[in-house]
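Below you'll find the structure, written out as structure tokens, and then a few comments.
Each chain gets a letter, A, B and so on, in the order its sequence line appears, and its residues count up from 1.
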Amino acid sequence: MSLVARVLEDAGIPTVILGSAIDIVEHCGVPRFLFTDFPLGNPCGAPWDRDMQRAILGQALDLFEQADGPRTTVRAPFAWDGDRWRDQYMEIRPEDREELIRKGEENRKARAAKRSRQT
Amino acid sequence: MAEPIGYMARSRNYYAAQGFEKAYQWAHFDEVPFAPLAKPLADSRLGIVTTAATYARTTRDDRAVDSGSTIDPPERLFGDDLSWDKKATHLDDRESYLPLVQLEKAVVGGRIGSLSPRFYCAPTSYSQRETLTEDGPAILKLCREDEVDVAMLVPL
């Protein structure tokens with residue numbers, strides 16, 4: 001999505017990215033970024049929490065006006081309920097290793113099939 | 001306050017454990033474009049872009065730029081084929097990743113001028129070249145057709 005932001009900005013359309021993977025977005029470099037430190041999937045706020053979602057969207061809209069140059073990051077002042085997800089995401093437990101290798105083989109086959117469809 | 005997850009390192013390790021020998025090279029640029037607001041937000045039309053899909057896609061399906069109606073929007077979108085935290089959360093509440101109700105309220109309240117009649121779906125391609133030369137321009141074309149002034153990009 002950071003790359004889409006580049007295309008739109010180059011064409012004169014200001015963008016705000018609202019997302020949760022701060023290292024990836026900032027590594028790429030984007031004009032305006034509202035960071036929500038949540039598990040990937042719900043960058044606009046916890047499910048069904050309308051007050052939080054309203055506040056986060058408001059901050060994202062504010063960022064269009066507040067940023068005066070590229071690489072402007074603002075952190076939303078909300079926390080996810082609990083921290084267990086931080087260790088769990090893409091966790092590699094010894095008992096998962098065989099399954100991961102199998103998944104990798106499946107992925108490589110899918111990519112090869114996609115490449116052959118494109119050529 | 002807890003440190004944010006380092007997703008690049010986390011995914012490097014995860015894919016190495018899957019037997020991928022070459023680590024993914026995340027996009028990086030020294031120069032970042034910046035378009036200033038051309039008119040007040042209250043007079044601007046906002047377009048929203050998501051990485052979620054309008055249909056239940058699998059990892060085997062090809063992905064393409066797509067769009068859906070913001071006037072009569074689908075109740076939910078899909079992302080089973082994408083990397084997000086399926087253990088910690090879910091996509092059952094559309095407003096948690098495509099906040100169309102909140103945006104409509106922002107229009108009614110005068111914070112933004114209008115909402116584009118369509119939302120746009122960006123396929124997250126492995127190929128950065130594909131995103132920059134094909135998918136990005138295709139989304140730009142849709143934004144132009146809908147006279148979008150500013151864009152909010154919401155990756156899952």
Enumerate by number any residue of residues 93-101 of chain A whose heavy atoms lie under 4.5 Å from heavy atoms of chain B; in the absence of such residues, state 'none'. A:Arg97, A:Leu100, A:Ile101
Looking at A:Asp10, A:Ile13, A:Val4, which one has more heavy-atom pairs under 4.5 Å with chain B than the rest? A:Ile13
Who among B:Ala106, B:Cys143, B:Pro33 has the most heavy-atom pairs with chain A under 4.5 Å? B:Pro33
In Å, rounded to the nearest 0.5 Å, how long is the span from SG of A:Cys44 to CD1 of B:Ile48? 6.0 Å
Which side-chain N or O atoms in residues 25-38 of chain A pair as donor and acceptor under 3.5 Å with protein atoms at least two apart or in another chain?
from    : atom 1 : to      : atom 2 : distance (Å)
A:Glu26 : OE2    : A:Thr73 : OG1    : 2.6
A:Arg32 : NH1    : A:Glu9  : OE2    : 2.9
A:Arg32 : NH1    : A:Thr15 : O      : 2.9
A:Arg32 : NH2    : B:Ala35 : O      : 2.6
A:Thr36 : OG1    : A:Ser20 : OG     : 3.2
A:Thr36 : OG1    : A:Pro43 : O      : 2.9
A:Asp37 : OD1    : A:Arg86 : NH1    : 3.4
A:Asp37 : OD2    : A:Arg75 : NH2    : 3.2
A:Asp37 : OD2    : A:Arg86 : NH1    : 3.2
A:Asp37 : OD2    : A:Arg86 : NH2    : 3.0

Taking B:Val49 as the starting point, is it possible to reach A:Ile24 by hopping between hydrophobic residues whose side chains are less than 4.5 Å apart? no
More than 12 heavy atoms of other groups within 6.0 Å of B:Asp92 CG: yes
If Ile, Leu, Val, Met, Phe, Trp and Tyr residues are connected whenever their side-chain heavy atoms lie under 4.5 Å apart, and connections chain through other members, are B:Val148 and A:Leu8 in the same group? yes
Is any side-chain heavy atom of A:Leu57 less than 4.5 Å from a side-chain heavy atom of B:Leu103? yes
Go through A:Phe64, A:Trp80, A:Trp85 and name the one with the most non-hydrogen pairs under 4.5 angstrom from chain B. A:Phe64
For A:Asp83, does the CG atom sit with more than 12 other heavy atoms under 6.0 Å from it, leaving out its own atoms? yes
Residues pairing under side chain to side chain donor-acceptor pair (under 3.5 Å) where one sits in residues 4-16 of chain B, two or more places apart or in two chains, turn out to be A:Lys103-B:Tyr14
Against chain A, work out which of B:Ala9, B:Pro36, B:Ala17 has the most heavy-atom pairs shorter than 4.5 Å and name it. B:Ala17
Shared hydrophobic cluster for B:Tyr55 and B:Leu156 (ILVMFWY, side-chain gaps under 4.5 Å): no
Per-residue contact mode, A:Asp62 against chain B (heavy atom under 4.5 angstrom): both
Select, from B:Ile139, B:Leu41, B:Thr131, the one with the greatest count of heavy-atom pairs under 4.5 Å involving chain A. B:Leu41
Pairing of A:Arg54 and B:Glu95 as salt bridge, 4.0 angstrom limit: no
Hydrophobic clustering (ILVMFWY, side-chain heavy atoms < 4.5 Å, transitive) - are B:Met8 and B:Phe29 grouped together? no
Single-linkage hydrophobic cluster B:Val65~B:Met152, side-chain heavy atoms < 4.5 angstrom: no
Please flag which part of B:Arg94 lies under 4.5 Å from any non-hydrogen atom of chain A: side chain, backbone, both or neither. neither
When B:Ile112, B:Thr124, B:Asp149 are compared by non-hydrogen pairs under 4.5 Å with chain A, the top option: B:Asp149
Going from CG on B:Asp93 to CG on A:Asp49, what distance comes out if it is rounded to the nearest 0.5 angstrom? 9.5 Å
Contact summary for B:Ala122 and A:Met1, nearest pair of heavy atoms: CB-SD, 4.1 Å
Name the option with the most non-hydrogen atom pairs under 4.5 Å to chain B; the candidates are A:Gln88, A:Arg102, A:Glu105, A:Arg71. A:Arg71
Decide yes or no on side-chain contact (heavy atoms from CB on, under 4.5 Å) for A:Leu61 and B:Leu46, but give the supporting numbers first. CA-CA 10 Å; A:Leu61 293 175; B:Leu46 185 142; 3.7 Å; yes
When rounded to the nearest 0.5 Å, the distance separating CD1 of A:Ile17 from CG of B:Leu153 is 5.0 Å
Counting heavy-atom pairs under 4.5 angstrom with chain B, the leader among A:Gly19, A:Ser2, A:Ala46, A:Gly45 is A:Gly45
Using a 4.5 angstrom heavy-atom cutoff, name the option from A:Ala60, A:Ala79, A:Ala67, A:Gly69 with the most pairs to chain B. A:Gly69
Between A:Gly104, A:Pro14, A:Pro70, which residue shows the highest count of heavy-atom pairs closer than 4.5 Å to chain B? A:Pro14
If you check every heavy atom in residues 77-90 of chain B against those of chain A, which residues fall under 4.5 Å? B:Ser83, B:Trp84, B:Asp85, B:Lys87, B:Ala88, B:Thr89, B:His90
Closest non-hydrogen atoms of B:Gly6 and A:Asp23, given as atom of the first, atom of the second and distance, are C-OD2, 3.3 Å
